[in-house]
Structures are given as C-alpha cells and as structure tokens.
> 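The structure under discussion is supplied below as structure tokens; questions concerning it will follow.
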Number of protein chains: 2
Amino acid sequence: MTRTWRKDTAHPEAPPRSRTTIADIAEAAGVSKPTVSRVLNQRGDVAPATRRKVEEVAAELGYVPSPGARALRTGRHGALGLLLPPEPWGGLVDVVYGVSEEAAARQMNVMVFPLPAEREAQRRFATTTLPHLPIDGLVALMPDGMLLHRGAIPLSGARIVAFDDRGIRPGIPYVETTNREGVRDVVGHLVAHGCRRIAFTGGTAELAFAQARYEGYLDGLRDAGLPYVPDRVLRSDDDVPSEVEIRRLLTAEEPDGPPDAVVAAWDEIATAVGHVAYELGLRPGRDLALTGFDDRPEVELMFNGLTTVHQPLREMGQASVRLLLEILDHGPGPGNATVPTHLVVRESCGPHAADGTPLPLKSPLQNES
Amino acid sequence: MTRTWRKDTAHPEAPPRSRTTIADIAEAAGVSKPTVSRVLNQRGDVAPATRRKVEEVAAELGYVPSPGARALRTGRHGALGLLLPPEPWGGLVDVVYGVSEEAAARQMNVMVFPLPAEREAQRRFATTTLPHLPIDGLVALMPDGMLLHRGAIPLSGARIVAFDDRGIRPGIPYVETTNREGVRDVVGHLVAHGCRRIAFTGGTAELAFAQARYEGYLDGLRDAGLPYVPDRVLRSDDDVPSEVEIRRLLTAEEPDGPPDAVVAAWDEIATAVGHVAYELGLRPGRDLALTGFDDRPEVELMFNGLTTVHQPLREMGQASVRLLLEILDHGPGPGNATVPTHLVVRESCGPHAADGTPLPLKSPLQNES
DNA sequence: TTGTACGCGTTATCAT
DNA sequence: ATGATAACGCGTACAA
C-alpha cells in the first residue's frame, strides 16, 4: 500500500477516479511493476500463467497506458506530423486518409499542420514551432518555394519526408508520382483514338508538377511523331486559364485545323475546357477529345465521365509513412519512393469498341488534310 | 555537476547530442529548476532580472521543452482529436483546416483519425483505441448511424463535441449549421427570379442534413404559397440520382409544365442536373434556374458559376474547437453552436440587374398558364 | 523468470 | 521572489 490517494484534477463534479497504473496492476496481481510492463509490451520472457493473470487484472481494472509517461521514458511519441500547404485543396483529403491509415496500421498517430500563408510565419513555424512538436517524424507537403532542410528540425530529432517533390530539396527523401509518364500515356491513348492535333493547357514552369506534365506532353508528341505547335499550348499563371484563352485555344486553326484533343494539366482545367467546348457546340467525347489529370471524384459526373490520369494521392500518403518509418527505424538510406499514376479511360476521350479498343471521334469541325 | 552524460538513443552515426533540459538552464543561469519553469511558463512571480537571464540562457542553449514530460506532469497533452468519417469527401479539408487553425491559435495540436468503415472496427476504435489517445478532447464527424456517448471515452478524460449533428446523440454538445434555413433562403431567391415550378432533388430522410434541407424546401414553398407537387421532388438513396431520374424530373409536365428551377441538396447533384439539362438543350441560368448547396470550389467553374448555399465548414471547424476548449476549461455547459450558412448568388439561378435585383429567366419550354 | 532501484523532464507544493 | 523536494507513470539495467 505505497500509493497515496490522488485527487482528480478534472472538474469538481466529476467522480474522483484516479488513473489505473501498472503499479495498481502489479499490486492486484501480486507481481512487480516490471513484470506488468513486460506483459503489456508483449515481451517473451514471462511465464504463461503470470501473463494470463496480469492481463486479466489489467482488463478488470480498465488499465489505460499513459502516453505521456511512455513518451518521456522512450523518447518516442508514437506520432507523425503531416505538414499541409497553406491553400486547402480537395485532393488533400486523400493524402490525409492515406497517411492516417498507414500510420494507424503501424500504431502511429498523425498530427496535421496547415502551413501559414505568409513567409515570415512559415519561417517561424519551421524554426520555432516544429522542433517543439510531439512527433517522431514529418511528412511535408510544401509549396515549391519553401525550403526546409533536415537541420530545420534540430532538437526534436524528427525526420522528414517530402511529398510529391522531385528532388528539389537536396537531402530530403521524397515520395513522387509519375506526372510525366502519366501525361505521356494519355497522349498515346489520344493518338490511338486517331487524334493528331493534340493541344495542352495548364500551369507554368514555376510549378514543378505542371512542368513535368508538360514535358510528358512533349514526350507523347515525340512518341507519335507529331509536330509541336505553339498555338496548341496554353500555359497560364492562373490556376485555371480564362474562358477567352481557352476559346482561342479551341479555335486555333493553324496550321491544319483546330485541336481535335485537349490534354489538361489537371481536372479543374479540363472542367473549364469542357464548359467552353459546350459553348462552342463541341461535346467532349464526341466532337473533341478531352482529358484531365488527378482523377478528382468531383468531376466524374461531367461529360459522362472525364478520361484522366489517376494520381494515387492516397497511396502516396501511405508510401510516405512507410518511407518515414523506414528512416526512423533504420536510419536514412538512399530512400525516395515513386508511386505510379494510371490512365482512367472514361468517355471524354472518345468512343471505344466493346473490347475497349479506342475508336476515332467524329468531329464536325475536323478538316482532314 | 549533477548531470551524467547520457548517450544518444538515436542512430549511431548521429552526433551524441543530449537534450537540453531546464536543469541545464538552471545550472548555467545559477538558479533553480522551478525558477526556470516559472520563467518559461510566463508566470508573474519572477524578478525581471532573473527572467531576462534565464531567457537568455535558454535561447543560447537551444532549449526545447519535452512534451512527454509536460504531459506526464500536467495530465494534459495539448492536443485535440478530429474523428473523420470513413468516406473521404472534399469538404473535409475545410473542416481539417478550420479545426487546425483555431487549435493552433490556442497552442493546441490536432490529431486526425479516419474512422474504419466496418461497424465492428468502429466499435473497437471507440472502446479500445480512443481512450488511449494522447488527446484532451475530440471533435467528431460521425456517420449518422454511429452512436458514441460520453462514457465511450472513459479513462482518458477526453471530452467530445459532435460536428454537424442536430442533437441526434443526447448529451453530446454539437456544432451545426442552418441547413434548413439555407434552402429556405435559396427557394426565396428563386421565387424572386419569378420561378414558380421549383423542383427539389437529393438525399433521403436517412441523412439528417438532407432531411433538413428538404424541410427547408418545403418551408420555402410555403413562404411563397406554392403548391407541393410530388413529381417535382426526387429523393434518392444514391449520392447522386441517375441520369434517367434527373431527366424524368426535368421533363415532368404535370400539372402546369416542367420545372423552371431545380434546388439540389448539394453541389455534386447540381452538377449532375446541369449536365442533363445541357443534354436537353436547357442552359442553367438562362433556361432553367439551378442551385446547389455547400459551395464547393470544384464546381465553381461550371455554368458560369453555380448559385449555391455556402456551408461554413471552416468556421464550423473553428467553432468546434472553441466549444470543446470551453468545455475543457469550464466544464460542460448548455453548449452547442450554430454557424449560419449564406446564399452565394452566381449565374445559374438566372440574370440579375446591375443593382443585384433578380430578373426572370427566359425559358423556351415555359408554358405560362 | 522475476524483483529492486532508478531516471526520464517537468511542474506543484511547500517552505524560506 | 526563490529554492528544496517530491511526484507524475513507465521502462530498463542489473541483480536475484
């Protein structure tokens, strides 16, 4: 009877129940604290009978371990951080779910941190807040402009993995996807549909992923031996090009007629293009092939389905956690992980035969040359 | 020199840097540990000179507090949990950001937990996982079917706030929005546009929020003295009604012609309706008024802008945190919070005069009776 | 296989 | 205003 009666620190009206500790279990089971600890941590060197007895008593007393005490003792918090970009975006949910699920499967919790929008606040977060966080590692979705090196988390010992980064930040392991190859594939599919005047729109070289997708477009043209036509490329600083710009792209006659296909760098842009196409009397999938990138569920409803490239955000989230834990457990290695995109063929790229073979579109505006 | 040299528990190649503690600071500053603690915790009863000295030394030594030790001692983790529904949904990002921001402003961290899809796993989560979590409270977005009472988190002492719940779970404080009033308002706006044959679609009575929106539709009809016409209501079990169902709704002639407006219970449904409308040659905002609910940014691009009801998910997230902390600090009160929706007028409900006055649509299919 | 003894870093209590 | 001391709950040497 070494334990004194502790008063409840919660609100007065709450019953004065004090926490069950391993000491309580030890006393009730007639063993010592370390033995209880060994049982609870699934360690082998315990007699089966003792084990059963302890587990029984623990369940009976409703024992709940104290995360704080464990963290203090072990130095690990059993938690990961997830750094989110300042601007919310629907796809982030998938990242959050992927990271959380993989973490949960490995008995880890996930803390989320939306980054402030202002640069100074970002710096403060990285230098002041980050090191104090009760996390063992960090999965970071950073704006391309933000630099963060390992040393930025000096004393917490936290390790870091960058999400969707292509080696922009030297020394930081990252998880990426096949932005470039994904667009290359989609161009190939359009070519199989008989498209020859394939346009591209979206993003600028500032955005690393947009640049990669643009290069995939160039790859695709090259694969098919198609010429590069500047008027068929619309790259804009805005998230989504203006209606006027899109209209100009869709009606650019040089050199051999208007585009018979438009590859958008992400689904929202494809949505906008589809809208303008409707205005022009062009129905995506019938008169014009149209593709997106990301495979956002929100746009699935349009055009009887938008053909797009699935970006595996959820799987990338999972991969980030695996990579991070690998680093935490075995130290930093050559690291990095690539999760492949895949083509999702729906209706907006044109008709298909019963066996899935792409068929040509029947564009009323098409000038066969 | 009471401190012994502690070896680094990290990887061998890491430099053997040991953590700076308040004991180190105390020694270097020539004061005692409690004094350092007082300074670091901004408590008043410290001499200015001492304070400056301690702060100086702490900065110099790069002191970082140990969250585990603090949690052990205080019994508070400085973290909140955010329970997410099994199915990801774009709007959840706003909730996550709202909760995180408000929490960060109050020096709290946020842990996210997507709920498993299977009922048994949900039960296990509530009974087994939840009590062990290093959190002080929980904001819960639960499927309507899931029950969770205060006692479900017995030993962690965590308190709980339900998100977007309308008192379904007795005893649990909640944050809600004005689903019903929001739709009532939008119907009123359509009436101002001259619409008289207003249809409604989306959801069933199973979904509490969908039911509330349906009732708002009925309120709106009643306000305007318009009759309830069963053929103008399409409520479906699916997330989004089928194209066939929507087509039937849009072409229902009884008793006085097809609908001149469609109120969708959420934006995705409005998107689908808009798509079918286009197929029928009806352009939203010109030939047919169309409204949504939620104000998802993804659909903003369509129809030159979808008139909709903004659901303040971010603000609701913030309110949840405020309510939860209120409960943590001062005990449970009469609680609950309501964050109002507001109407977002764009183009899909019809034209407006320069001063914003709603103008009537010119529907070619309209039979004035 | 099990028990003894101690320390992790912090804050609360009390005394000065 | 400050210091000595103890305690939070757990894990881990080391001894038995």
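A note on names: the letters A, B, ... follow the listed sequences, proteins ahead of strands, and every chain is numbered from 1. Values reported hereafter were calculated over all heavy atoms of this structure, with side chains retained and with hydrogens, waters and symmetry mates removed.
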> Hey, does Thr20(B) have a side-chain heavy atom less than 4.5 Å from the side chain of Leu61(B)?
yes

> Rounded to whole Å, please give me the gap between CG in Asp24(B) and C1' in dG7(C).
15 Å

> Would Glu326(A) and Arg322(A) count as a salt bridge (charged side-chain N to carboxylate O under 4.0 Å, His left out) here? Give the steps.
CA-CA 6 Å; Glu326(A) 165 75 20; Arg322(A) 283 195 297 271; over 6 Å; no

> Quick one: list whatever passes side chain to side chain donor-acceptor pair (under 3.5 Å) with Thr35(B), sequence neighbours left out.
Ser32(B)

> Can you give me the closest heavy-atom contact between Gln122(A) and Ala117(A), atom names plus distance?
NE2-O, 3.7 Å

> Base, sugar-phosphate, or nothing for Arg43(A), non-hydrogen atoms under 4.0 angstrom?
sugar-phosphate

> What's the closest nucleotide to the Ala69(B) side chain, out of dT11(C), dG9(C), dG11(D)?
dG9(C)

> Quick one: Arg70(A) CZ to dT10(C) P, roughly how many Å, whole number?
21 Å

> Can you list everything that forms a side-chain contact (heavy atoms from CB on, under 4.5 Å) with Leu313(B)? Sequence neighbours excluded, please.
Trp89(B), Asp94(B), Val95(B), Phe163(B), Arg296(B), Gln311(B), Met316(B)

> Please set out all donor-acceptor pairs under 3.5 angstrom arising from side-chain atoms of residues 51-60 of chain A, sequence neighbours excluded.
unit_1	atom_1	unit_2	atom_2	d
Arg51(A)	NH2	Arg43(A)	O	2.7

> Taking atom C1' of dC10(D) as reference, at what distance in whole Å does atom NE2 of His132(B) sit?
15 Å

> Kindly indicate whether the side chain of Asn109(B), heavy atoms from C-beta on, has any atom under 4.5 Å from the side chain of His132(A).
no

> Rounded to the nearest 0.5 Å, how far apart are CG of Leu324(B) and CD1 of Ile160(B)?
9.0 Å

> Using a cutoff of under 3.5 Å, can you pull out all pairs of nitrogen or oxygen atoms linking the protein to nucleotides 2-6 of chain C, with atom names and distances?
unit_1	atom_1	unit_2	atom_2	d
dT2(C)	OP1	Thr50(A)	OG1	2.4
dT2(C)	OP2	Ala47(A)	N	2.7
dT2(C)	OP2	Thr50(A)	OG1	3.4
dG3(C)	OP2	Ser32(A)	N	2.9
dG3(C)	OP2	Ser32(A)	OG	2.9
dG3(C)	OP2	Thr35(A)	OG1	2.8
dG3(C)	N7	Arg38(A)	NH2	3.0

> Please check the phosphate of dG11(D) (OP1 and OP2 only) for any side-chain N or O of Ser37(A) closer than 4.0 Å.
yes

> Rounded to the nearest Å, what distance is computed from the CZ atom of residue Arg52(B) to the P atom of nucleotide dT2(D)?
13 Å

> Could you state the CG-P distance from Leu72(A) to dT12(D), rounded to the nearest angstrom?
12 Å

> Dot-bracket for DNA chain D, please. Rules: Watson-Crick or G-U, both distances under 3.5 Å, ( ) within the strand, [ ] when a pair crosses earlier ones, | for another strand, . otherwise.
||||||||||||||||

> Could you list the residues that satisfy side chain to side chain donor-acceptor pair (under 3.5 Å) with Glu120(A), not counting sequence neighbours?
Arg123(A)

> Please report the distance, rounded to the nearest Å, between NZ in Lys53(B) and P in dT2(D).
14 Å

